[in-house]
Amino acid sequence: MLQVKHILENKEQVIEGLKKRNLDAETLVQQIIDLDIERRASIAKVEELRAEGNKMSKEIGGLFKEGKVEKANAAKAKVQEIKSEQKALEEGLNDIEGKFNDLLYHIPNVPHVTVPAGISDEDNEEVYKEGIIPNLHEGAKPHWDIVKEKDLVDFETGVKITGAGFPVYKGKGARLQRALINFFLDEADKGGYAEVIPPLLINEASGIGTGQLPDKEGQMYHATSDDLYLIPTAEVPITNIYRDVILNEDELPKKNCGYTPCFRREAGSYGKDVRGLNRLHQFDKVEVVQVVHPDESYNVLNDMVDHVKELVRQLRLPFRILRLCGGDLGFTAALTFDFEVYSAAQERWLEVSSVSNFETYQSNRLKLRYRKGQDKPQLAHTLNGSALALPRIMAALIENNQDEKGNILIPEVLHKYTGFDRI
RNA sequence: GGUGAAGUGACAGAGUGGCCGAAUGUACCAGUCUUGAAAACUGGCGUAGGGAAACCUACCGGGGGUUCGAAUCCCUCCUUCACCGCCA
């Protein structure tokens with residue numbers, strides 16, 4: 001969440017920035033500022049009373065020792081009075097803080113200055129494009145037909161086992177999936193990212209830390225009997241490694257990568273581009289995460305974009321990079337670049353990666369800080385990116401690389417992982 | 001899952017109702033000494049909130065309770081360790 005101090009000191013800038021999200025935050029920000037004033041006044045009062053009570057309690061100890069029982073009992077009565085007054089004030093303070101935090105949790109991150117205004121994904125700004133869009137032969141098929149014919153992905157059996165959106169990958173399809181995971185992990189390793197295998201279930205505190213809770217509760221699968229959530233992305237468990245951590249400045253940057261399945265309820269997106277591998281409830285992804293010095297985060301964002309660019313390039317997929325507009329930007333992000341690959345038979349662009357800088361929005365919730373020498377701890381910046389999400393990569397590979405004879409040609413970089421060069 | 005023990009600052013480790021935000025040691029930082037280093041000595045050394053400041057408040061695994069007063073007593077949850085049971 002945003003830092004209260006930042007809101008107070010940059011009120012106009014915050015309101016202006018949020019306008020790019022089509023959010024008129026004027027009232028909201030003013031409410032926060034007003035509540036903050038109320039809050040401080042209330043804290044001052046409560047603490048004053050508390051100090052007085054503490055002081056008297058100490059004195060009572062002395063009085064008893066001296067045997068002045070009568071005086072002590074009088075003081076006890078007085079303290080009891082103070083306590084009941086204090087209790088009433090504390091309840092008031094709790095109310096104020098509850099409201100205050102609620103408002104704070106529901107303010108999204110302020111977009112970076114370079115974020116274009118806009119309503120939807122149609123307003124995203126294309127900043128880069130590379131690769132040749134393949135000219136498919138007559139009779140080329142969409143991937144959902146191909147995977148069925150070649151028995152690479154079995155959607156029906158997935159429906160039987162679990163439900164829609166939980167496919168079974170089979171044979172060479174499974175092998176290709178595993179090959180991509182290994183390729184992405186090896187590349188991340190080369191990029192200096194230390195691999196982790198995190199838990200796939202997270203607790204509430206972790207969900208709050210990275211911003212999935214309370215805002216996106218409905219997008220996660222919730223195991224209610226244990227109050228745990230299935231991860232929607234490895235970002236959550238990996239970034240939460242650093243929750244409540246104070247790093248030394250020289251430990252930055254922290255770079256981690258990890259492969260995990262991701263689980264998303266996709267509530268509200270039924271019937272929208274859901275064919276085949278385009279949108280699933282469970283999918284595989286390799287994620288890269290960095291914790292960096294605030295001065296470095298935008299350089300690092302570019303590095304991460306370059307890393308992803310290199311992955312797609314090596315897979316020989318035509319791609320473009322979009323700078324997300326305010327309307328499409330995620331709740332917690334300050335700046336996001338999306339990668340889309342072209343899936344030639346569907347004749348459409350598919351999002352395969354999202355690379356974001358969260359600045360201090362997550363670290364403020366996570367209490368993730370770094371310390372320079374003996375100075376006070378400062379909030380670090382967090383970033384993450386998909387590198388990459390698998391199913392749509394697979395869809396594009398299958399569609400773009402089909403030849404007239406019905407072969408799917410596997411990109412060369414994957415051969416050593418697949419053990420075959422075509423399907 | 002059962003039984004028992006335990007969770008205190010970066011770490012180790014005291015503290016069983018007021019003198020405890022917390023002894024002591026180690027580590028760390030600054031200084032003295034030294035040609036330099038080590039050793040020794042002196043001082044400093046948690047986080048957060050409030051306040052212009054002095055200073056005040058909160059935090060001893062989490063939450064709740066008893067009490068004028070809780071690290072200390074009670075309840076509950078979590079975690080760790082040991083043993084038993086079950087099991088990839």
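Computed over heavy atoms, backbone and side chain alike; hydrogens, waters and symmetry mates excluded. Every chain is numbered from 1, with letters handed out A, B, ... down the list of sequences.
Comparing B/G62 with B/G9, their P atoms sit 10 Å apart, to the nearest whole Å. Straight-line distance between the C1' atoms of B/A58 and B/G51: roughly 15 Å, to the nearest whole Å. Rounded to a whole angstrom, the distance from the C1' atom of B/U24 to that of B/C45 is 15 Å. For the C1' atoms, the distance linking B/G2 with B/G85 amounts to 7 Å, nearest Å. Here the separation of B/C11 from B/C28, taken at their C1' atoms, is 12 Å to the nearest Å. Between the C1' atoms of B/G15 and B/U72, the separation comes to 8 Å (whole Å). Here the separation of B/A71 from B/A22, taken at their P atoms, is 12 Å to the nearest Å. Distance noted for atom C1' between B/G50 and B/A12: 35 Å (whole Å).
Ring orientation note: the planes of A/Phe263 and A/Tyr221 are nearly perpendicular, at an angle over 60° on the 30°/60° scale. Using the six-membered ring where Trp is involved, A/Tyr229 and A/His222 have ring planes that are parallel, under 30° apart on the 30 and 60° scheme.
In this structure, A/Asn54 reaches the sugar-phosphate backbone alone: every heavy-atom distance under 4.0 Å involves primed, P, OP1 or OP2 atoms, never a base. Among the atoms of the strands shown, none is found under 4.0 Å from any heavy atom of A/Lys78. Within 4.0 Å of A/Ala51, counting heavy atoms only, lie sugar-phosphate atoms of the nucleic acid but no base atom. Among the protein residues, A/Ile60 comes within range of the nucleic acid bases, having at least one heavy atom under 4.0 Å from a base atom.
Nucleotide B/U72 is matched to nothing when pairs are restricted to Watson-Crick or G-U wobble geometry with both distances under 3.5 angstrom. B/C60: no Watson-Crick or G-U partner with both key distances under 3.5 Å is found in any strand. With a 3.5 Å ceiling on both atom-pair distances, B/U66 lacks any Watson-Crick or G-U wobble partner. The partner of B/A27 is absent, by the rule that a Watson-Crick or G-U pair needs both atom distances under 3.5 Å. In this entry B/A39 has no Watson-Crick or G-U wobble partner, no candidate having both defining distances under 3.5 Å. Across all strands shown, nothing is found opposite B/C33 as a Watson-Crick or G-U wobble partner with both distances under 3.5 Å. In this structure B/G21 sits in no base pair that meets the Watson-Crick or G-U test at under 3.5 Å. Shown here, B/U3 forms a base pair with B/A82; the pair counts as Watson-Crick or G-U wobble because both key distances fall under 3.5 Å.
Chain A approaches RNA chain B within less than 4.0 angstrom (heavy atoms of the protein), and the contacting nucleotides run 5' to 3' from B/G18 to B/G69.
The side-chain tip of A/Arg323 does not point at the ring of A/Phe337 from less than 6.0 angstrom away and within 45° of straight on.
A donor-acceptor pair is defined here as one N or O able to donate and one able to accept, closer than 3.5 Å; such a pair exists between the side chain of A/Arg21 and the backbone of A/Leu329. Between the A/Ser353 side chain and the A/Ser386 main chain, a donor and an acceptor come within less than 3.5 Å of each other.
Aromatic rings from A/Tyr193 and A/His307 are positioned such that their centres are separated by under 6.0 Å.
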Before you tell me yes or no, could you show the steps for A/Glu310 and A/Arg313 under salt bridge (Lys or Arg N to Asp or Glu O under 4.0 Å), namely the whole-Å CA-CA distance, both residues' side-chain angles and the distance that decides it to 0.1 Å? CA-CA 5 Å; A/Glu310 192 54 35; A/Arg313 189 178 279 150; 2.9 Å; yes
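Nearest-nucleotide positions on RNA chain B for A/Gly53 and A/Asp36 put A/Asp36 closer to the 5' end. Nearer the 5' end of RNA chain B, as judged by each residue's closest nucleotide, is the contact made by A/Glu52, out of A/Glu52 and A/Met56.
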Which atom pairs, one a donor and one an acceptor, fall under 3.5 Å between side chains of residues 159-174 of chain A and the rest of the protein, sequence neighbours left out?
| from | atom 1 | to | atom 2 | distance (Å) |
| --- | --- | --- | --- | --- |
| A/Lys170 | NZ | A/Asp151 | OD1 | 3.2 |
| A/Lys170 | NZ | A/Asp154 | OD2 | 3.2 |

